[in-house]
Amino acid sequence: MSARAASWLPLSPGERAVAIEVLVHGPLSRSDLARRLDLSAGSLTRLTKPLIESGLLIEVADGGGPAEGRHGRPSQPLDVVAESRTFLGFKITEEMVYGVVTTLRSDIVARLDRPLTSHDPVHVAALLAEMAGALTAEFPTAAGIGIGVGGLVQDRAVVGESVFLHWRGVPLARLVEERTGLPVVVENDVAALVEAETWFGAGRGLERFVVLTIGAGIGYGLVLGGKRVPYAEEDRGFGRHWIIDPNGPLTPSGERGSAVSLLTIPSIRYQIRAATGSDKPYEEILGLAAAGEPMCSRVVEEAARALGTLVAQISNFVMPQKILLAGEGVGLMDVAGKTVEDTIRSQRHPLAAPVGLETKVSDFHDWARGAAVLAIQVLVLGAVDG
């Protein structure tokens, strides 16, 4: 990390709270910032002074530009310099590595993807280093790397278990740090996506927020009090044992009638292949269902009812302000959204407060962006809670 970036650390808990508030919600006037954090004017001045001196925060004019040539006590809003540092984010899938460069506010400014031809940890680390080199050549202000992996991640450094990579105990952060010279944070990909949406996306400013992802698997993230809630099984195949319909389909992954068996892309494709002998892409299955083809329609409608049941159950127990549906499989909503909505209504109390249901058709670059946000949180702000 550069000397300037290193000067941002370590932040005291009070400084960190100020920095995060401005990063997520800024620009903010000092009075707004003091009110949000319940601080006196004197305490706020004491906490902001080192942040301004280090270059993490800047005083801006009302129009958003730097406040220059002003006299007297500064009263301009505080903001971060979003372009002052960039961050690399990578999402590793079974066949590809997706990379992005983001600003300090997580705006994607570049993308780079590479095929993954081997799951050997040394090969993967070398590929990540090669991609990082290509990206930092264009963006030399890179301050760190975040990596998202499907599976169990320990201490934000070691991939304890990843089924699709066939890894156990791989020190991925160290392998990549040795090859890039940049600090590295590794995290479960769903957890990283939840953090990104909480800070900069659909969950910004919400106390109770849920992310539900549909794709190769089912992912779930819960935010309470504005913070992600970690739980033991989040990295071990959420939905595999959540039984939606005990008489539902039996697929190679997940228990009979589980959320995984009913909703994931591989399971939907498996059901069509088992019934017809034809291996169809997910998008084609959705298209055929929309056109009224009987078998595809039956499988897609069953998946939609499962999704509606899942959303209703989460809503009944968690009472979130919003649920974000994300992932490669959310095209289901375009074809069978009415079935999802009807199922939600049928499984909730008529007087239950409505839950905002937002759909985000995300690609793997969104997951990579989530990993970059983890790097921002940990490497710049030292925000290690969760």
Side-chain angles (χ1 to χ4, degrees), residues 91 93-94 98 148 150-151 163-164 188-194 196-197 201-203 209-222 233-245 248-249 251-255 257-272 280-287 289-290 296 299-315 318 320 322-344 347 355-368 370:
K91 158 69 173 170
T93 73
E94 190 171 6
Y98 297 86
V163 174
F164 72 92
N188 169 261
D189 52 2
V190 175
L193 181 66
V194 173
E197 292 295 337
F209 172 59
V210 165
V211 176
L212 187 63
T213 65
I214 310 167
I218 304 290
Y220 176 77
L222 172 63
E233 67 273 24
E234 68 180 332
D235 309 316
R236 306 244 180 185
F238 173 85
R240 192 175 301 277
H241 298 281
W242 192 323
I243 306 303
I244 304 294
D245 178 3
T251 62
S253 294
E255 302 297 319
S258 67
V260 166
S261 289
L262 284 161
L263 264 176
T264 62
I265 291 174
S267 291
I268 288 174
R269 294 184 64 190
Y270 172 84
Q271 291 179 63
I272 297 299
K280 292 180 170 57
Y282 180 68
E283 292 74 16
E284 183 180 344
I285 293 171
L286 293 181
C296 292
V299 171
V300 167
E301 283 292 304
E302 192 173 36
R305 287 192 294 273
L307 178 57
T309 298
L310 204 56
V311 169
Q313 291 178 352
I314 291 169
S315 300
V318 177
K322 182 187 288 186
I323 295 178
L324 175 68
L325 295 178
E328 319 87 82
V330 297
L332 176 70
M333 289 294 294
D334 294 331
V335 176
K338 185 178 185 304
T339 299
V340 174
E341 293 167 1
D342 289 346
T343 304
I344 295 171
Q347 298 192 23
V355 172
L357 187 61
E358 182 174 326
T359 299
K360 180 177 182 178
V361 182
S362 53
D363 63 16
F364 287 117
H365 297 110
D366 290 305
W367 297 82

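Here the structure is a predicted model, which is why all the values come from computation and not from measurement.
In terms of heavy atoms, Ile314 sits closest to Pro320 at O-CD, 4.0 Å. Annotation for Lys280 and Ile272: closest pair CD-CG2, 4.3 Å, computed over non-hydrogen atoms. Contact record, Val300 with Ala336: CG1-CB, 4.1 Å, taken as the closest heavy-atom pair. The minimum heavy-atom distance linking Ser315 with Val355 is given by the pair OG-CG2, 3.8 Å. Closest non-hydrogen pair, Tyr98 versus Ala368, comes out as O-CB, 3.6 Å. Taking both residues in full, the closest heavy atoms of Val260 and Ser253 are given as CG1-O, 3.6 Å, listed atom of the first, atom of the second, then distance.
Rounded to the nearest 0.5 angstrom, Ile243 CD1 and Ser261 OG are separated by 7.5 Å. Between the CG atom of Leu193 and the NZ atom of Lys360 there is a distance of 6.5 Å, given to the nearest 0.5 Å. Note that CG of Leu286 is 8.5 Å distant from CD1 of Ile265, once rounded to the nearest 0.5 Å. Of the inter-residue distances, the one linking Glu197 atom CD with Glu358 atom CD reads 7.5 Å to the nearest 0.5 angstrom. Between the CD atom in Glu328 and the OG1 atom in Thr213 there is a gap of 8.0 Å [rounded to 0.5 Å]. The CG atom of Leu212 lies 11.5 Å from the CG atom of Leu222; values are rounded to the nearest 0.5 Å.
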Point to revise | Leu357 and Met333: CA distance, side-chain angles, deciding distance, side-chain contact (heavy atoms from CB on, under 4.5 Å) verdict | key: CA-CA 11 Å; Leu357 187 61; Met333 289 294 294; 4.3 Å; yes
Practice item. Dump the intermediate steps for side-chain contact (heavy atoms from CB on, under 4.5 Å) on Val194 and Tyr220, then the final yes or no. Key: CA-CA 9 Å; Val194 173; Tyr220 176 77; over 6 Å; no
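Contact of the Val190 side chain with the Trp367 side chain is registered, since non-hydrogen atoms from C-beta on lie closer than 4.5 Å. With a 4.5 Å cut-off on side-chain heavy atoms, Val210 and Val318 count as touching.
Screening Ile323, Leu263, Leu262 for a side-chain contact (heavy atoms from CB on, under 4.5 Å) involving Leu310 leaves a single residue, Leu263.
With Tyr282 contributing its side chain and Gly329 its backbone, the two residues share a donor-acceptor pair below 3.5 Å. Although no hydrogens or angles enter the test, the distance criterion places a donor-acceptor pair under 3.5 Å between the side chain of Asn188 and the main chain of Gly151.
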